[in-house]
Amino acid sequence: MTALLDHIKHQIRANGPMRIDDYMATCLLHPKHGYYTTRDPLGAQGDFITAPEISQMFGELIGLSLAQTWVDQGSPDRFTLAELGPGRGTLMADILRATKGVAGFADAAHLVLVEASPTLRDIQRTTLEGVSVTWADRTDALPDQPLYLVANEFFDALPIRQFVRSGRGWRERQVGLQDDTLVFGLGPVLPQPSLADRIEDTQDGDLVEDCAQIAPLLHPIATRIATHGGAALIMDYGDWRTLGDTFQALRAHQQIDPLASPGDCDLTAHVDFEKLALAAAPARYSRVTPQGVFLERLGITQRAQSLAGSLRDGALEAHIAAHRRLTHPSEMGNLFKVMGLFPPTQTPPPGLEP
Ligand code: SAH
């Protein structure tokens, strides 16, 4: 992807070192050469694999949690069923299949997919053939009505900035050029009012990350849920208040240098769930729950046993491995977390606690 590398070098020569959020946004979503813009990155042949691509059980249980929430909230007769960053559309297809038996749910749902990549929109259209779908670029375009929303491995793709503590100020980590090669460097010491709350829990030299897009993205979702009803289930890897460098690049399932191959590898950072919680008002947020615990509470073991009945040999082994991969603490069970948003007067979706 030399065209994108040339573009980034040109930008740096013209404007000086580039912030990491600008570098990430350019690499992932450049309209012509961006990583997501130009390809389907998922699956065994791709660069990474996600929970819905590992097993249908993931989307089925999430669908049932959302549908139960819809029933508990009085089955509103018109609502938005939305997903942020739907990838191949697999999670939404599993949600729709699993909720077919919930009377009235599909008829009341208006499907909206928030997706930036034209290539992935095409794949989603194929996966969800026969279903009426609207695509949106932004969450403020979501209709003003009850909203049931999922986002899996979406927030980790949002551009972050990185800051290294220096006294009571911060030096921003940036991408510069040395001998025509991209390198990380540090900007001057500056105050950062948005990091005021990180002065107590950091020391000189510590690195913290900030994601400015979380609040404007989540606010329209939280207002719709608080005003009209609904819920959101957000799954991602990360934790409450992250500390240290979590900026990473994946190509062909291997971790590589995030500056080595702009536009040709996935770039992510851990999600700071505290930032999601801070942006959740006027909705309420649930406790951050490990994915393994969440799926166990929703009955993944029973579902796995029932599916296993019709499988033999290699298919059975793959199914058992997928169950383990989604839930085991040493695989995705602990690294991935779930947070729910729900109306102030209601309880969180099944699987989560207030
Ligand atoms: N949720 C899917 C895919 C995760 S990959 C799964 O679990 O398999 C991240 C997804 O978010 C891709 O579909 C990507 O194109 C989309 N995406 C990344 N940044 C985005 C943005 N700013 N706005 C909308 N979609 C975005």
Side-chain angles (χ1 to χ4, degrees), residues 21-31 33-63 66 81-96 111-128 133-142 149-160 211-221 232-238 248-251 253 263 265-271 291 295 322 325-326 332 335-338:
D21 57 346
D22 292 332
Y23 175 77
M24 237 177 131
T26 306
C27 290
L28 294 179
L29 293 175
H30 183 279
H33 308 298
Y35 177 73
Y36 284 119
T37 326
T38 52
R39 78 195 70 202
D40 170 12
L42 287 144
Q45 309 306 318
D47 294 314
F48 61 96
I49 186 151
T50 56
E53 302 295 333
I54 290 171
S55 167
Q56 67 185 72
M57 295 186 290
F58 184 76
E60 290 172 349
L61 294 168
I62 282 168
L66 282 185
L81 180 60
E83 181 171 357
L84 308 182
R88 286 180 176 166
T90 309
L91 173 56
M92 188 49 80
D94 290 337
I95 290 174
L96 293 175
L111 208 61
V112 181
L113 304 179
V114 178
E115 173 58 66
S117 158
T119 307
L120 288 172
R121 282 187 184 198
D122 283 345
I123 296 173
Q124 291 154 17
R125 191 172 290 117
T126 307
T127 308
L128 297 168
V133 181
T134 308
W135 278 270
D137 291 323
R138 300 160 53 102
T139 54
D140 51 12
L142 291 167
L149 177 141
V150 285
N152 184 61
E153 290 211 46
F154 169 78
F155 285 92
D156 66 1
L158 297 181
I160 52 138
C211 177
Q213 286 190 20
I214 288 180
L217 235 148
L218 214 49
H219 185 70
I221 295 169
L233 289 173
I234 298 168
M235 284 72 61
D236 231 308
Y237 59 122
Q248 69 161 20
L250 275 183
R251 190 169 60 192
H253 304 267
C265 57
D266 189 38
L267 294 177
T268 58
H270 282 203
V271 174
Q291 175 174 296
L295 294 174
R325 191 154 174 204
L326 290 180
M332 294 172 84
L335 179 63
F336 281 73
K337 311 284 193 306
V338 187

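Computed from a predicted structure; not experimentally measured. We count ligands from 1, going down the list as the structure has it; atoms in each ligand are counted the same way.
Assignment of T90 to the shell around ligand 1 is not supported, since no heavy atom sits closer than 4.0 Å. Residue L42 places a heavy atom under 4.0 Å from ligand 1.
Within 6.0 Å of CZ in R138 there are 12 or fewer heavy atoms belonging to other residues, nucleotides or ligands.
E115 OE1, 2.6 Å is the protein heavy atom nearest to atom 13 (O) of ligand 1. Regarding atom 8 (O) of ligand 1, its nearest protein heavy-atom neighbour is T50 OG1, 2.5 Å. Of the protein's non-hydrogen atoms, A116 CB, 3.6 Å is the one closest to atom 23 (N) of ligand 1. Of all protein heavy atoms, the one lying nearest to atom 11 (O) of ligand 1 is G85 CA, 3.2 Å. Residue, atom and distance of the protein heavy atom nearest to atom 22 (N) of ligand 1 are L29 CD1, 3.7 Å.
Residue nearest to atom 18 (C) of ligand 1, selected from P159, A157, G59, A136: A157 (by heavy-atom distance).
Residue G87 approaches ligand 1 through these ligand atoms, each under 4.0 Å from one of its heavy atoms: 2 (C), 3 (C), 13 (O). Near S117, the atoms of ligand 1 lying under 4.0 angstrom from a non-hydrogen atom of the residue are 15 (O). Listed by number with element, the atoms of ligand 1 under 4.0 angstrom from any heavy atom of E153 are 4 (C), 5 (S), 9 (C). Near F154, the atoms of ligand 1 lying under 4.0 angstrom from a non-hydrogen atom of the residue are 11 (O), 20 (C), 21 (C), 23 (N), 24 (C), 25 (N), 26 (C).
With a 4.0 Å cut-off on non-hydrogen atoms, L120 touches ligand 1 through its side chain and not its backbone. Contact annotation: for P52 versus ligand 1, heavy atoms closer than 4.0 Å belong to the side chain alone.
We find that R39 and D266 are not joined by a salt bridge, their nearest charged nitrogen and carboxylate oxygen being 4.0 Å or further apart.
Among F155, F336, Y237, the single residue meeting the side chain to side chain contact (heavy atoms under 4.5 Å, CB included) criterion with V271 is F155.
Side chains of L149 and V114 form no contact here, defined as non-hydrogen atoms less than 4.5 Å apart.
Between D137 and ligand 1, no N or O atom pair is found at a separation short of 3.5 Å.
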